[in-house]
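These notes are about the structure you will find just below.
Start at 1 and go down the list; that is how both ligands and their atoms are numbered.
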Amino acid sequence: MPQGPIEVIPLSQHIGAEIRGVDLSQPLDEATSKAIHQAWLDHIVVVFRNQKLTQEDHVRVSKSFGELGHIRRPPKSFPPGFNRLLPNIMLITNIRENGEPIGALPDGEMMFHHDMIHAELPDKATFLYSIEIPSRGGDTLFASGYAAWDTLDPELKSKLEGRIAKHLYNYGSTQKGDKKGTDAFGQNAHPAVRTHEESGRRALYVNRLMTTGLEGMSDEEAAPILEKVFDHMEKPEFVYTHKWQVGDMIVWDNRCSSHARTDFPDNERRLMLRTTVAATERPRF
Ligand code: SIN
């Protein structure tokens with residue numbers, strides 16, 4: 001069924017836009033799908049408010065961006081709630097049964113990261129849909145890797161240009177070196193600055209949670225460089241902070257943005273469903 005034109009309202013200077021005039025529970029016509037995809041490329045993160053979505057809707061909308069990404073952590077490390085959902089929908093929640101979280105990334109603050117940067121083929125997009133939210137906190141922060149690269153100090157730029165960064169992730173961990181993760185790890189290396197295959201723009205592709213070093217440099221030499229780069233990437237002027245409402249569906253571009261989460265009360269429920277969209281090529285310089 002044909003739909004009316006969508007409205008795209010920017011949410012900050014460099015990143016984020018709200019899209020109005022779309023009901024994602026209905027199949028999207030080609031023109032609307034194209035307009036959404038373009039808005040996402042232009043704004044990196046797009047937000048749809050007041051959506052009432054089944055899991056099937058969530059999967060259908062995700063697939064309009066490409067092939068669904070697979071959950072990479074080994075099934076033996078799945079929290080129990082994963083198996084109650086359609087395949088490749090990830091449950092992100094602090095809800096516990098018998099004291100054990102039923103979902104992934106249950107509690108509190110989370111450092112900036114790119115989803116699946118520790119995989120050989122990191123997923124290009126993530127969809128996150130909110131079902132239950134706490135009364136305060138649990139915001140998701142999105143940082144533009146384009147704006148951070150464009151404004152990075154030239155000396156730091158020269159240290160990263162053409163360089164491969166190393167990444168390690170302990171599934172479930174939310175702060176580097178915490179003991180919250182599982183016994184399953186993902187590890188990989190990719191260009192520290194990548195060229196986005198659709199926009200042609202360059203984006204910083206390192207993050208505080210998962211990046212462990214730079215190839216061709218000792219960890220002692222790389223650590224202070226990376227620290228300065230992370231501080232720059234996370235400056236408020238490059239960040240959009242999303243305050244969740246129930247029924248928000250967000251899709252972000254993992255190729256040119258990182259994201260983080262603020263703390264929230266551990267005695268209040270937060271429940272989100274997440275899917276990813278697989279990339280078609282490895283990150284390139
Ligand atoms: C994520 O990093 O995928 C989860 C973010 C959130 O819980 O807000």
Side-chain angles (χ1 to χ4, degrees), residues 11 15-16 44-49 58 62 65 68-73 77-79 81-82 85 88-96 101-119 122-145 167 169-176 178 180-182 186 205-211 230 233-234 239-266 268-279:
L11 294 167
I15 184 164
I44 308 171
V45 176
V46 291
V47 176
F48 304 86
R49 299 278 195 186
H58 188 135
S62 309
F65 275 57
L68 216 55
H70 297 290
I71 295 177
R72 302 315 155 86
R73 70 166 80 189
S77 305
F78 280 9
F82 278 25
L85 302 174
N88 293 312
I89 296 189
M90 184 187 270
L91 180 63
I92 296 192
T93 185
N94 62 346
I95 296 171
R96 285 168 160 78
I102 60 167
L105 309 175
D107 302 310
E109 191 176 347
M110 191 166 186
M111 282 179 173
F112 275 93
H113 61 283
H114 299 76
D115 289 335
M116 305 311 302
I117 201 170
H118 45 88
D123 294 324
K124 68 176 183 182
T126 301
F127 284 80
L128 194 59
Y129 176 58
S130 63
I131 295 175
E132 291 186 65
I133 54 167
S135 62
R136 63 198 153 86
D139 305 338
T140 308
L141 278 53
F142 297 96
S144 165
H167 313 285
Y169 184 55
N170 179 1
Y171 288 99
S173 156
T174 52
Q175 304 286 313
K176 195 177 235 153
D178 65 18
K180 288 192 201 160
T182 65
Y205 197 55
V206 290
N207 66 64
R208 200 181 289 279
L209 179 62
M210 298 166 175
T211 305
F230 300 150
M233 292 173 80
E234 297 170 10
V239 172
Y240 162 64
T241 299
H242 187 72
K243 294 199 170 296
W244 289 93
Q245 294 170 9
V246 168
D248 288 349
M249 178 63 132
I250 297 193
V251 52
W252 63 85
D253 191 330
N254 276 302
R255 299 168 290 188
C256 54
S257 68
S258 55
H259 57 282
R261 184 174 72 194
T262 64
D263 203 6
F264 57 97
D266 59 10
E268 293 188 30
R269 289 161 64 112
R270 186 177 189 271
L271 190 150
M272 314 249 162
L273 298 187
R274 185 181 111 161
T275 48
T276 60
V277 180

Assess whether atom CZ of Arg49 is packed by more than 12 heavy atoms of other residues, nucleotides or ligands within 6.0 Å.
->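 Counting other residues, nucleotides and ligands, CZ of Arg49 exceeds 12 neighbours.
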Hey, looking at atom 1 (C) of ligand 1, which of His242, His259, Met272 has the closest heavy atom?
->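 Ranked by closest heavy atom to atom 1 (C) of ligand 1, first place is His259.
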Nearest protein heavy atom to atom 3 (O) of ligand 1, by residue and atom, and its distance?
->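 Here the closest protein heavy atom is Arg274 NH1, 2.7 Å.
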Which residue holds the protein heavy atom closest to atom 5 (C) of ligand 1, what is that atom called, and what is the gap in Å?
->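 In this structure, atom 5 (C) of ligand 1 has Leu128 CD2, 4.0 Å as its nearest protein heavy atom.
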By number and element, which atoms of ligand 1 are closer than 4.0 Å to a non-hydrogen atom of Arg270?
->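 Taking each heavy atom of Arg270 in turn, ligand 1 has 6 (C), 7 (O), 8 (O) under 4.0 Å.
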For ligand 1, which atoms have a heavy atom of Thr140 less than 4.0 angstrom away?
->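 Heavy-atom distances to Thr140 below 4.0 Å select 6 (C), 8 (O).
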Side chain Thr262, main chain Asp139, donor-acceptor under 3.5 Å |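 At least one qualifying donor-acceptor pair exists.
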Flag for Thr174-Asp107: side-chain donor and acceptor within less than 3.5 Å =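 No - no donor-acceptor pair under 3.5 Å links their side chains.
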Asn207 versus Ser258, side-chain donor and acceptor atoms under 3.5 Å =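 There is no such pair (donor and acceptor under 3.5 Å, judged by atom type) between the side chains of Ser258 and Asn207.
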Return the orientation label for the His167 and Tyr205 ring planes: parallel under 30°, perpendicular over 60°, tilted otherwise.
->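 Answer is perpendicular, since the angle exceeds 60°.
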What do you reckon, does His113 put a non-hydrogen atom under 4.0 Å from ligand 1?
->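 In this structure, His113 qualifies as a contact of ligand 1 - some heavy atom is under 4.0 Å.
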